[in-house]
Asks: 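Have a look at the structure that comes next, please.
All values below were derived from every heavy atom in this structure, side-chain atoms included, with hydrogens, water molecules and symmetry-related copies excluded.
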Amino acid sequence: MKWTFPNLRLFLFLAVITGGIYPLAVTLVSLILFPHQAHGSLIRNERGEIIASELVAQPFISAKYFWPRPSAGEYATMPSGASNLSWTSGKLVRTVAERRAALLKAHNLPEKTPVPADMLFASGSGLEPFISPEAAELQLNRVASTRGVPPEKVRKLVSAHFVRGGILGENVVNVMTLNAALDTLFPMSGM
């Protein structure tokens, strides 16, 4: 009993500090120094409406958009995650073969065309908004043709949405910001 009240006071003190004051301080600092990121890295259209977040992929299926990595969780945020299928899984082998065939068909490419791995395998979260520069290049002619824009203009836009990986990371393209920019710069009516 001798230690009960001092321990209870210490618990309450630490609960207030670590559960209240510290999170509040971090939130306020982030809102002041990094407002865009603190509010979810939201993407807005020309009317100011929120259309997406730079950090969460959406299922783009139209030929006028760049497609993100496949998602094991159908791009849903609550049950996000990987399929956890092993390399020896027959289901994984079939899924990858189906994705490859669908990509080659959608892009009118020959069977022997190499397909970047990030277009065949789902990401760990299932919400990955980034693709490799090779995956963007694979899709470039389809998007340019559908939008009626010269491929070089689309290639220039892709390079503007290139995210450098730094010392240890890989260079990637943000599909969410790229598709929003496509709609702004090369709008399509009736699609």
Asks: What distance separates H39 NE2 from S53 OG, expressed to the nearest 0.5 Å?
Replies: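 Here the rounded value is 13.0 Å.
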Asks: Can you tell if the side chain of L185 reaches within under 4.5 Å of the side chain of L157, non-hydrogen atoms only?
Replies: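 They are in contact (side-chain heavy atoms under 4.5 Å apart), so the answer is yes.
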Asks: With side chains defined as the heavy atoms from C-beta onward, is the minimum distance between L140 and R155 less than 4.5 Å?
Replies: yes
Asks: May I ask you to check whether over 12 heavy atoms, not counting those of I61, lie within 6.0 Å of atom CD1?
Replies: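 Incorrect, the count does not exceed 12.
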Asks: Any non-hydrogen side-chain atom of T113 less than 4.5 Å from a side-chain atom of L104?
Replies: yes
Asks: Determine, stepwise, if the pair M176 / H161 fulfils side-chain contact (heavy atoms from CB on, under 4.5 Å).
Replies: CA-CA 9 Å; M176 302 309 297; H161 292 272; over 6 Å; no
Asks: Within the structure provided, determine whether I51 and R44 are in side-chain contact (heavy-atom separation under 4.5 Å).
Replies: no
Asks: Compare all side-chain heavy atoms of F130 with those of V163 and state whether any distance is below 4.5 angstrom.
Replies: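 Yes, their side chains come closer than 4.5 Å.
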Asks: Donor-acceptor check, side chain of S30 to backbone of A38, threshold 3.5 angstrom: yes or no?
Replies: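 Here the side-chain-to-backbone pair does not exist.
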Asks: Would you find a donor on one side and an acceptor on the other, under 3.5 Å apart, between the side chain of R99 and the backbone of P70?
Replies: no
Asks: For I131, is there any backbone N or O sitting under 3.5 Å from a side-chain donor or acceptor partner on D118?
Replies: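 No; zero donor-acceptor contacts below 3.5 Å.
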Asks: Are E46 and T184 close enough, and set up right, to give a side-chain contact (heavy atoms from CB on, under 4.5 Å), and what steps lead you there?
Replies: CA-CA 7 Å; E46 60 277 353; T184 300; 4.0 Å; yes
Asks: If you look at every heavy atom in S41 and L55, which pair is closest and at what distance?
Replies: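 Scanning both residues, the minimum pair turns out to be OG-CD1, 3.7 Å.
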Asks: Keeping R164 on the side-chain end and E170 on the backbone end, is there a donor-acceptor pair under 3.5 Å?
Replies: no
Asks: Supply the atom-to-atom distance H107 NE2 to S145 OG, rounded to the nearest 0.5 angstrom.
Replies: 10.5 Å
Asks: Looking at R142 and A63, would you say the former's side chain and the latter's main chain have a donor-acceptor pair under 3.5 Å?
Replies: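 Between the backbone of A63 and the side chain of R142 there is a qualifying donor-acceptor contact (under 3.5 Å).
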Asks: Can you classify the ring geometry of Y65 versus F60 as parallel (below 30°), tilted (30 to 60°) or perpendicular (above 60°)?
Replies: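 Y65 and F60: tilted rings.
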Asks: Knowing that exactly one of V175, I43, L42 qualifies, which makes a side-chain contact (heavy atoms from CB on, under 4.5 Å) with E54?
Replies: I43
Asks: Could you please spell out the steps behind the side-chain contact (heavy atoms from CB on, under 4.5 Å) verdict for L138 and L109?
Replies: CA-CA 9 Å; L138 177 84; L109 296 170; 3.4 Å; yes
Asks: Using a 3.5 Å distance criterion without hydrogens, assess whether the side chain of D183 forms a donor-acceptor pair with backbone atoms of P187.
Replies: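 No, because the side chain of D183 does not come within donor-acceptor range (under 3.5 Å) of the backbone of P187.
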Asks: Atom CZ in R69, atom CZ in F121: separation rounded to 0.5 Å?
Replies: 9.5 Å
Asks: Heavy-atom distance under 4.5 Å between the side chains of L120 and L103, does that happen here?
Replies: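 Side chain of L120 against side chain of L103, heavy atoms only: contact under 4.5 Å found.
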Asks: If you link ILVMFWY side chains whenever their heavy atoms are less than 4.5 Å apart, which other residues fall into the same cluster as I21? By chain and number, please.
Replies: L10, F13, L14, V16, I17
Asks: Quick one: CG on N174 to CD on E128, what's the gap to the nearest 0.5 Å?
Replies: 9.0 Å
Asks: Is it possible for you to say whether M119 and V143 belong to one hydrophobic cluster, with membership spreading through side-chain heavy-atom contacts below 4.5 Å?
Replies: yes
Asks: Is the backbone N or O of V96 less than 3.5 Å from a side-chain atom of R100, with the two atoms forming a donor-acceptor pair by type?
Replies: no
Asks: Short question: side chain of N171, backbone of F162 - any donor-acceptor pair under 3.5 Å?
Replies: no
Asks: Answer whether the closest heavy-atom distance between the side chains of L182 and R147 falls below 4.5 Å.
Replies: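 Contact flag for L182/R147 side chains = yes.
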Asks: Say whether V154 and L178 are linked into one hydrophobic cluster, either directly or through other cluster members, by side-chain heavy-atom distances under 4.5 angstrom.
Replies: yes
Asks: Could you check whether any side-chain N or O of W67 sits under 3.5 Å from a backbone N or O of S62, counting only pairs where one atom can act as donor and the other as acceptor?
Replies: yes
